[in-house]
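Working notes for the structure below.
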Amino acid sequence: MNINIKKTLKTILPISLGVFLVWYSYNSTSIEDRKQILYYIKEANLFWVSVSILFGILSHFSRAIRWNYLIEPLGYKPKISNNLLIVLMAYFANLGVPRTGEFLRATALTTYEDVPFEKGFGTIVTERVIDVLMLLLFVTTTLFLQTDVILGFIQEKGFNINSIFLLIGLGTVGLLFFIFFIKKSTNAFAVKIKNFISGLLDGVLSIFKMKNKWAFVLHTLFIWFCYVAMLWVIKYAVPGTESLTISQLMVAFVAGTFAMAATNGGIGIYPIAISQALALYGINEVSGNAFGWVMWISQTAMIVVFGAISFLVLPLLNRK
């Protein structure tokens, strides 16, 4: 019973937070601004919105191909079509209950391609580790390109820069001490953590031992290029955002990525995060909110439509 309650809370709380943020965002703007935001959303240039959706589809297709590079060394070679449908199903499932998509991917791979669950799930964990490393790379690059703007924003909010650097330094020292302790300790819990970290590192390093390692790297770069491009082209769809540069949009991209992790598919918080990021560059609240909503609605609609279709089509394609 307690486990069911926890699962229910994990599902309801992110959705509730998202709904609250939608309500808050709606009520914190004036009636005129609301009308203008809705007008911008309705009149968004559908050509550029379609291009953004196309980049989203290409990223999923590339992810489906890249997945096979991790699976093939295990002795299996699933159909790319099955991989693509399974990936779309997983993203659709994550909109409802976060992180269930990963288990669904491994289960579907077992059902339709006879890949053992634990092996399939291991490849998904490796994918996620790579995605986290890529996100860290993007965050670092964005901080480097927009240092003055980001530091100015932090100071404007009343944070002491020296205190932040001190905390980062202490955190780094603490992390190094923790790693040293885990490495030397024979405690059962420490050994479990050590084995877990070792397994993740082996999974990541195995990329450079695989047959198609450079194809894997190129697909990884292409996937993240598509993610940024999805956001980039929307600036041509919403009035007032056309002048944004790629480095400025990178700030919005990073803010939006973290927002996506905070609630189911970024509901409620994604447009707010995008609007706040664009405000750093003089984009007014109306254009910023419209930009965030157009981006979120188009990509979420793509996942819902293609994810639902995948749920229906996958069993039909694999009736044998």
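Position 1 is the first residue of the sequence; numbering continues from there.
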Side chain to side chain contact (heavy atoms under 4.5 Å, CB included) evaluation trace for Trp293 with Ile274: CA-CA 9 Å; Trp293 278 112; Ile274 294 294; over 6 Å; no

Evaluation steps, side chain to side chain contact (heavy atoms under 4.5 Å, CB included), between Asn83 and Leu109: CA-CA 8 Å; Asn83 281 1; Leu109 194 65; 4.0 Å; yes

Candidate pair Met134 and Leu221, rule side chain to side chain contact (heavy atoms under 4.5 Å, CB included), full reasoning: CA-CA 9 Å; Met134 287 299 297; Leu221 295 174; 4.1 Å; yes

What verdict does the side chain to side chain contact (heavy atoms under 4.5 Å, CB included) test give for Thr123 and Val115, after you've listed the backbone C-alpha separation in whole Å, the side-chain angles of each residue and the deciding distance to 0.1 Å? CA-CA 11 Å; Thr123 62; Val115 178; over 6 Å; no

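For Glu285 and Ser275, the side-chain atoms include no donor-acceptor pair closer than 3.5 Å.
Ring geometry for Phe138 versus Phe253: interplanar angle of 30 to 60°, hence tilted. Under the 30°/60° scheme for interplanar angles, the aromatic rings of Phe121 and Phe117 are found to lie parallel.
The backbone N or O of Thr100 lies less than 3.5 Å from a partner atom in the side chain of Asn94, making a donor-acceptor pair. The closest donor-acceptor contact from the side chain of Ser59 to the backbone of Ile223 lies at 3.5 Å or more, if one exists at all. Looking only at distances, no side-chain donor or acceptor of Gln248 sits under 3.5 Å from a matching main-chain atom of Leu280. With hydrogens and angles disregarded, a donor-acceptor distance shorter than 3.5 Å links the side chain of Glu242 to the backbone of Gly240. Remark: the backbone N or O of Trp296 is paired with a side-chain donor or acceptor of Thr300 at under 3.5 angstrom.
Taking a cutoff of 4.0 Å between a charged side-chain nitrogen and a carboxylate oxygen, Arg128 and Glu102 qualify as a salt bridge.
In this structure, Val305 is a member of the same hydrophobic cluster as Val294, with clusters built from ILVMFWY side-chain heavy atoms closer than 4.5 Å.
Screening Tyr91, Tyr227, Phe306 for a ring-ring contact (aromatic ring centres under 6.0 Å, His included) with His60, the sole residue that qualifies is Tyr91. When each of Ile130, Asn212, Thr126 is paired with Leu70, the side chain to side chain contact (heavy atoms under 4.5 Å, CB included) condition holds for Thr126 and for no other.
Residue Ala273 comes nearest to Ala255 through the heavy atom pair CB-O, 3.8 Å, listed as atom of the first residue, atom of the second, then distance.
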